[in-house]
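Below is one structure, written out as structure tokens; the observations come after it.
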Amino acid sequence: MNRKIWLLGWVAAGACAMAPFAALAQNAARSGSSPGADTGAGTSSALQEIVVTAQRRSESLQQVPIAVSAVTASQLAARGIGDSLSLAASVPNLDITQNGTTLTLYMRGVGSNASDPNDESSVAFYVDGVYQASPLVNLFDFNNIDRVEVLKGPQGTLFGRNATGGVIQVITKDPQETFSGQGSVSYGNYDTVGANAYVTGGIAKNLAADLAVVYRQNFDGYGENIFLHVPIMRREDLGFRSKLLWTPEPDTTVGITVDYSLVRSDGTPYQLAPGVIGADGVTSYPGAYKTNTNEEDAGNSDSYGVSAKVEHDFHFARLVSISAVRDVFGMYDLDEDATPAPVVNSFIHQLARNYSQELQLLSPSADSRLQWVLGGYYFYADYAYDPITIGGLAAGGPTAAENIFGRQYTSSVSLYGQATYEVLPGTHVTGGLRYTDEQQGIHSYVTVGGTTVLTVPNQRQNTEKPTWRLAIDHQFTPDILAYFSYNRGIKSGGYNMLSPATFYYDYQDIQVQNIEAGAVNTVNAAAATIYGFDGDFMFIPIPNLTLSSSVGYTHGTYSNFQNATFTPPSPLDGPQFPGNASGNRLINTPQWTAGGSIEYRFLTDVGSFTPNVSVDYKDKVFVSADNRLDIPSHTVANASLTWRMSDQKYWVQLWTRNMFDARYYASRVETSVGDLQYLAAPRTFGVTIGSKF
């Protein structure tokens, strides 16, 4: 799939020190994040400058001719942003929905709603320059974050892996030789506990290290399975991340990073939607935060990785090498029919392994009229269902089982380059080009009762594609930048490992997932038309008062989609059937998104008191191309009150998320066994206590 997009950007800052800043609001579903970092923004009459690396070099956010929303660690802490799911709260035109332990990402209407281990997102995730290939790893907690950058639109000439929708970059802190650290513990309703810790220091001359640990768990859960009489909507997260930074000489740095994360959860607690009769013919809506299934759902994953980043300044150019290895294992149990009857029960074992190597050669001076970067990227990935087991009546009987084994490999090599030249004072022209050569193959088979009943011959494909970027920008004042750009990006293809005989991806098409009994199939919409706008700002009208806001509008429709799947709300209403969805709205694309927050810091003799209130709005979105079932629009409000000692060593934060207890859906899906849904977290509240040294 590719995208060609014309972009016209306008970045401005006025008398109130406005800045293009994503006011990421508090929307964490579990316990509050540590507010340990000094928020900074409310301590003076001017905003701190945000420096980003969207073009592979450090630049002020207001001098980058790319649509970027950025947030620093202190701003994350002030707003209680605790995980990647929360990023959608106030990044305009970014839509994130959760499906078990994976996230579905849509940027300005561009994305993919598939969650197979081989389905690389159209909105690419990077951590410290390392591409996170599988959707199994894009839901994680924040801890030792320096900043988060959200780039919008195709990114095809500067990043190791292509992206059609955009890029989310998470940049973590570098170790420091001075010994320091911070930590916090929290407790909230639903017996929710959390802890964060970060420590750094020197261990030898020119050698520093750090360690970050994060833990979250809600023991009680938010709901109940009324058939099995067990709690649901529980989740446990544990993560470690450690970085070693060695500077053998002034012009050379070597960084080694290791990380591990664990998720244990009740998976996707789907229930039948109100008024829907299930596959058993009698089951109805069980009530808010309740399920009625004969099997307990589960969603577990383990992820670990190692990466190395080596930088050397040759003075005529700077060389950067990034090497990474990552393994992810997922286990999901799902009662797909959401009834007490044994109709469709799935037991899914997934794995994703990938290796990447990137080399960059960058221009030596940031003051030169010519800025350039040359790069090469190699990527290899191995994805598998090992296996997915379909049980129940859909497999032939209550005790029958069908095992689907599918394995795909991807091997990709690309070369890219981009240069920016100042043709006139304040006016820059940018050109970039990339060429990608990618090979993919699949092997799959199906067994029943230990006997192989279907073996699909090995399939292979090869794709060679160019991508590019052309842009012109002008800096009218230090605070006002305008730019115009034309970009092309491509997204990796793949195979449908759950229906092994079907090759599903065409690079010219849009991926749309259809859910059938016991299988998830992906079809292609031929074309779509998308346009809109977004903007965000932050300003300080008086000392210690910080206001921020964001708004986005997207108009997206399928201009040609004649092979869409139309799904009745109940299996008793008939089977799924093909139909023409041309003219319908794109899935997971709200027309309007908006957010805002207000924060004021009161300075007293016993420290500072900082209340923060944020409100986020998301318009209605359709969950399928037939535009029948939607997630209604909703507004979520969050608040916190933080006390901090004058010397910044200790703090206490009282927090509440979804403080008006809005009932809105985390997920809704149309399936051949009925419309399914589950609610997002109800109102949560608690206290966080922390210190730093």
Side chain to side chain contact (heavy atoms under 4.5 Å, CB included), paired with Asp95, selected from Asn588, Thr593, Thr589: Asn588

Stepwise salt bridge (Lys or Arg N to Asp or Glu O under 4.0 Å) test for Arg264 and Asp302: CA-CA 9 Å; Arg264 300 291 182 264; Asp302 294 85; 3.1 Å; yes

Contacts of His634 that satisfy ring-ring contact (aromatic ring centres under 6.0 Å, His included) - sequence neighbours left out: Tyr664

Contacts of Asp333 that satisfy side chain to side chain contact (heavy atoms under 4.5 Å, CB included) - sequence neighbours left out: Ala298, Met331, Phe347

No-hydrogen, no-angle side-chain donor-acceptor test under 3.5 Å, Thr389 and Asn403: yes

Rounded distance [0.5 Å steps], OH in Tyr678 versus CG in Asp266: 11.5 Å

Criterion side chain to side chain contact (heavy atoms under 4.5 Å, CB included) against Asp280, the qualifying member of Asn292, Asp337, Asn294, Thr339: Thr339

Flag, side chain of Asn218 to backbone of Arg235, donor-acceptor distance under 3.5 Å: yes

Candidate pair Tyr215 and Asn196, rule side-chain hydrogen bond (donor to acceptor under 3.5 Å, both in side chains), full reasoning: CA-CA 7 Å; Tyr215 175 75; Asn196 283 275; over 6 Å; no

Sub-4.5 Å side-chain heavy-atom contact between Asp335 and Asn345: yes

Distance-only side-chain donor-acceptor flag, Tyr270 / Ser667, under 3.5 Å: yes

Parallel, tilted or perpendicular: ring planes of Tyr380 versus Tyr409, cut at 30 and 60 degrees: parallel

Which residues share a side chain to side chain contact (heavy atoms under 4.5 Å, CB included) with Ala124, sequence neighbours left out: Tyr126, Tyr131, Ala163, Val167

Distance-only donor-acceptor check, side chains Gln576 and Thr567, under 3.5 Å: yes

